[in-house]
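Structure first, commentary second.
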Amino acid sequence: MSEGRIRAVFSRYSDPTTGLLPQNHYKAASLALYGGKPTKAAVSRLYTELPAMNLETFTRVQLESTRLRAHNLPREVFQALDRSLNGFITRADFVWAVREVMPRYGAAELLFDQLDWDGDGRVSWREFLAVMGHKL
């Protein structure tokens with residue numbers, strides 16, 4: 001997990017007037033970073049003494065969390081494809097990435113449809129892992 005990605009997610013979910021990440025936005029930020037939400041208990045532990053988290057604390061917590069996680073290539077690929085930082089891969093993000101890597105490949109839309117099992121126009125971490133996880 002890069003500090004740049006952590007900063008970008010913090011910027012997206014923090015309160016623009018205070019520059020702090022309130023507790024009620026932490027789950028959305030985690031979803032954007034990891035494709036999954038932390039438990040209420042985990043969030044409560046982080047916010048026991050603080051009503052909100054600054055960028056420095058958020059970055060430290062996320063880098064430590066990343067160090068504690070095992071190296072996970074499928075998760076890294078998913079995060080790289082999630083250009084909008086919302087915890088999902090959109091059709092536009094996926095098609096853009098495929099065209100960047102393989103400009104002559106003409107079936108990016110069809111490949112996306114294979115990943116988007118529920119047909120909602122975005123690929124969740126679970127959908128991505130179900131299709132790609134064992135192959136990466």
Side-chain angles (χ1 to χ4, degrees):
M1 177 75 51
S2 75
E3 286 190 44
R5 181 171 174 83
I6 293 169
R7 279 192 301 275
V9 168
F10 182 88
S11 176
R12 179 171 184 183
Y13 292 98
S14 63
D15 182 328
T17 56
T18 64
L20 299 173
L21 183 69
Q23 183 173 350
N24 63 337
H25 291 183
Y26 188 85
K27 282 189 176 188
S30 291
L31 178 63
L33 286 171
Y34 303 109
K37 294 179 183 177
T39 64
K40 283 184 180 182
V43 174
S44 293
R45 278 193 303 273
L46 289 171
Y47 282 89
T48 54
E49 298 174 16
L50 305 168
M53 195 177 293
N54 64 24
L55 174 60
E56 181 182 336
T57 302
F58 182 73
T59 301
R60 183 177 42 77
V61 167
Q62 300 315 312
L63 289 174
E64 182 61 25
S65 176
T66 300
R67 277 190 279 280
L68 294 175
R69 296 170 189 254
H71 181 70
N72 189 339
L73 183 58
R75 177 74 70 185
E76 290 178 17
V77 171
F78 181 86
Q79 290 170 343
L81 293 172
D82 176 19
R83 294 179 61 217
S84 54
L85 303 176
N86 63 4
F88 297 94
I89 302 168
T90 64
R91 179 179 297 274
D93 288 345
F94 185 80
V95 170
W96 175 86
V98 170
R99 290 184 179 149
E100 284 292 308
V101 176
M102 301 179 299
R104 292 191 178 119
Y105 185 72
E109 299 269 348
L110 294 173
L111 187 55
F112 181 85
D113 291 338
Q114 295 297 309
L115 292 170
D116 183 18
W117 285 10
D118 61 8
D120 65 355
R122 60 188 192 173
V123 175
S124 68
W125 166 243
R126 287 190 177 118
E127 288 172 310
F128 182 80
L129 190 60
V131 175
M132 303 290 289
H134 66 282
K135 296 179 181 179
L136 294 174

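Residues take their numbers from the sequence shown, with the count starting at 1.
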Do [X] and [Y] have side chains that get closer than 4.5 Å, going by heavy atoms?
X   : Y   : answer
T39 : K27 : no
S11 : V9  : no
V61 : E64 : no
Q62 : I6  : yes
L81 : I89 : yes
R83 : T90 : no

- Message: Apply the hydrophobic cluster definition, ILVMFWY joined by side-chain contacts under 4.5 Å directly or through others, and give me every member besides L31.
- Response: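 Listed partners: F88.
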- Hey, what's the ring geometry for F58 with Y26, parallel, tilted or perpendicular (30° and 60° as the breaks)?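 The rings of F58 and Y26 stand perpendicular, inter-plane angle above 60°.
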Using a strict threshold of under 4.0 Å (side-chain N to carboxylate O), is an ion pair present between [Y] and [X]?
X    : Y    : answer
R122 : D93  : no
R126 : D118 : no
R7   : E3   : yes

- For F94, ring pair (Phe, Tyr, Trp, His ring centres under 6.0 Å) partners two or more places apart: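 F94 satisfies ring pair (Phe, Tyr, Trp, His ring centres under 6.0 Å) with F112 only.
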- Side chain of D116, backbone of G121: donor and acceptor closer than 3.5 Å?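 Between the backbone of G121 and the side chain of D116 there is a qualifying donor-acceptor contact (under 3.5 Å).
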- Within the distance-only criterion (no hydrogens, no angle test), does the side chain of Q79 pair as donor or acceptor with the backbone N or O of L33 below 3.5 angstrom?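 Yes: the side chain of Q79 pairs with the backbone of L33.
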Which pair of heavy atoms, one from [X] and one from [Y], lies closest together, and at what distance?
X    : Y    : value
A130 : W117 : CB-CH2, 3.6 Å
A32  : L85  : CB-O, 2.7 Å
H25  : L21  : CB-CD1, 3.8 Å

Are [Y] and [X] co-members of a hydrophobic cluster defined by side-chain heavy atoms under 4.5 Å apart?
X    : Y    : answer
F128 : V101 : yes
V123 : M102 : yes
L129 : L111 : yes
V95  : V77  : no

- Rounded to the nearest 0.5 Å, how far apart are CG of L20 and OG1 of T57?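 Spacing of CG (L20) from OG1 (T57) equals 9.0 Å.
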- Task: Quick one: pull up CZ in F10 and OG1 in T59 and give me the separation to the nearest 0.5 Å.
- Result: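 Reported value, rounded in 0.5 Å steps: 7.5 Å.
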- Query: Which residue pairs satisfy the side chain to side chain donor-acceptor pair (under 3.5 Å) criterion with at least one member in residues 97-108, sequence neighbours excluded?
  - Reply: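 For residues 97-108, and leaving out neighbouring residues, there are no side chain to side chain donor-acceptor pair (under 3.5 Å) pairs at all.
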- Step-by-step side-chain contact (heavy atoms from CB on, under 4.5 Å) determination, M53 to S14: CA-CA 9 Å; M53 195 177 293; S14 63; over 6 Å; no
